[in-house]
Number of protein chains: 4
Amino acid sequence: MSVDLEGPEPLYRQIAAVIAGRIKNGTYRPNRAVPSEAQICEEFGVSRRTARSAYAVLAEQGLIITVPGRGTFVAPQSSEPPAGP
Amino acid sequence: MSVDLEGPEPLYRQIAAVIAGRIKNGTYRPNRAVPSEAQICEEFGVSRRTARSAYAVLAEQGLIITVPGRGTFVAPQSSEPPAGP
Amino acid sequence: MSVDLEGPEPLYRQIAAVIAGRIKNGTYRPNRAVPSEAQICEEFGVSRRTARSAYAVLAEQGLIITVPGRGTFVAPQSSEPPAGP
Amino acid sequence: MSVDLEGPEPLYRQIAAVIAGRIKNGTYRPNRAVPSEAQICEEFGVSRRTARSAYAVLAEQGLIITVPGRGTFVAPQSSEPPAGP
DNA sequence: GTGGTCTAGACCACT
DNA sequence: GTGGTCTAGACCACC
């Protein structure tokens, strides 16, 4: 769940992977908020720039959507929902 | 740990061998950075071109990987890790 | 250019009318910024909510457009431009 | 060909539009370099951050491709070539 | 020389 | 509070 500051993988990609994992395992659920950019800065100890880059990756993958002034949310039908019928 | 300026072995191969040795004996560990090209230039007193050639050899052997904008790193499962279970 | 705190007209409408006047007489020109919400607060001594309400009126009239992260601007071809051909 | 620093459109989008126009009208031709990020900074008087954002837009549209250490280039079959058979 | 990554800070509208 | 935009600076590998 943590990132490797000294590893070869860019920080923003590591963070994106961590958040993507939480979305896929149901920690963050569809139509619910993911941590704000500021919270990402705190949790991973990175600048806002890096936090935004991480979320840009996830948005490009369609996993999250951002709403100016409101926040960032897990996309409605992202990947595999944690529970079926 | 030094190089032989007058021997038959090309400088860049001598340097590559030194670095490979440090990787194999655990001085440089998997997923951690090796010295930057600039640091190689300083340590061995060589040009940047020579430093690059040395790292090209190591990359071809799969010992290191380079990541644009982040640096050069020891490959994840390179050769023998310094400590077992 | 001032507002009437005791009159029947809501503050935000009075402010909207003042700004609309400045747009129409060319004080604020097309594609140029109008005062930020914070500046409206200062100039008229109102709360941010009131400033926002005033600008909401102008946006509804098509006189201004807002761009997240950049500011608020006079619409491209708003009403009567100050100078003809 | 210039940008409006005070207009509502974000700078990076204005720059992206200018470069896209030059690609479409043949000023910049397929498989040829577009201005480097540094040149964009100079020509439009913006920071490198803004220059990169502009090129990110064009890359997303498939108009350009970037090659680390080499430069940025017009994509091979971008849009309408300026001359037919 | 090139682009890729990262930091620390700012101001804006929006809720 | 939120995200969107922008600046000024840095270090890195790559050519």
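In the text below, chain A, chain B and the rest are named by the order of the sequence lines, each starting its count at 1.
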Provide, to the nearest angstrom, the distance between the CG atom belonging to D/D4 and the P atom belonging to F/dC6.
12 Å
Measure from the side-chain heavy atoms of A/R52 and tell me the nearest of E/dT15, F/dG4, E/dC14.
F/dG4
Using Watson-Crick or G-U wobble geometry with both distances under 3.5 Å, which nucleotide pairs with F/dC14?
E/dG1
Using modelled atom types and a 3.5 Å cut-off, is there a donor and acceptor pairing between side-chain atoms of B/R13 and backbone atoms of B/S53?
no
Assign each of C/T66 and A/G45 the nucleotide of DNA chain E bearing its closest heavy atom; nearer the 5' end lies the nucleotide of A/G45
Nearest-Å distance for atom pair CD1/P, residues B/I65 and E/dG4
18 Å
Interatomic distance where CG belongs to D/L11 and C1' belongs to F/dG4 [whole Å]:
13 Å
Measure from CD on A/E37 to P on E/dA8 and round the result to the nearest Å.
16 Å
Selected nucleotide, minimal atom distance to A/R48 side chain, candidates E/dA10, E/dG4, E/dA13:
E/dA10
Going by distance alone, is a donor N or O of one side chain under 3.5 Å from an acceptor N or O of the other, for C/T50 and C/S47?
yes
Report the distance from atom CG of B/L58 to atom P of F/dC14, rounded to the nearest whole Å.
12 Å
If pairing requires Watson-Crick or G-U wobble contacts with both distances under 3.5 Å, which nucleotide is the partner of E/dG9?
F/dC6
Base E/dG9 paired with A/R49 side chain (donor-acceptor, <3.5 Å):
no
Given F/dC12, E/dT7, E/dC6, the nucleotide with the shortest approach to the side chain of A/V46
E/dT7
Between B/V67 and D/E9, just flag the one whose closest nucleotide in DNA chain F comes earlier from the 5' side.
D/E9
Can you check the A/Q39 CD to F/dG3 C1' distance for me, whole Å?
13 Å
Treat each ILVMFWY residue as a node, draw an edge where side-chain heavy atoms are under 4.5 Å apart, and state whether A/I15 and A/L58 are in one component.
yes
Any salt bridge linking D/E43 with D/R22? Criterion: basic side-chain nitrogen under 4.0 Å from a carboxylate oxygen.
yes
Within this structure, what is the CZ-to-C1' distance between B/F73 and F/dC11, rounded to whole angstrom?
12 Å
When the nearest nucleotide of DNA chain E is assigned to D/R70 and to C/T72 on a heavy-atom basis, which residue is associated with the more 5' position?
D/R70
Quick one: C/Y55 OH to E/dC12 P, roughly how many Å, whole number?
12 Å
When you measure from the side chain of A/R48 to the backbone of A/C41, do you find a donor-acceptor pair of N or O atoms at a distance under 3.5 Å?
no
When you measure from the side-chain N and O atoms of D/Y12 to the phosphate of F/dC6, is any distance below 4.0 Å, counting only OP1 and OP2?
no
Hey, which of these two, A/S36 or D/G69, hits DNA chain F nearer its 5' end, going by closest nucleotide?
A/S36
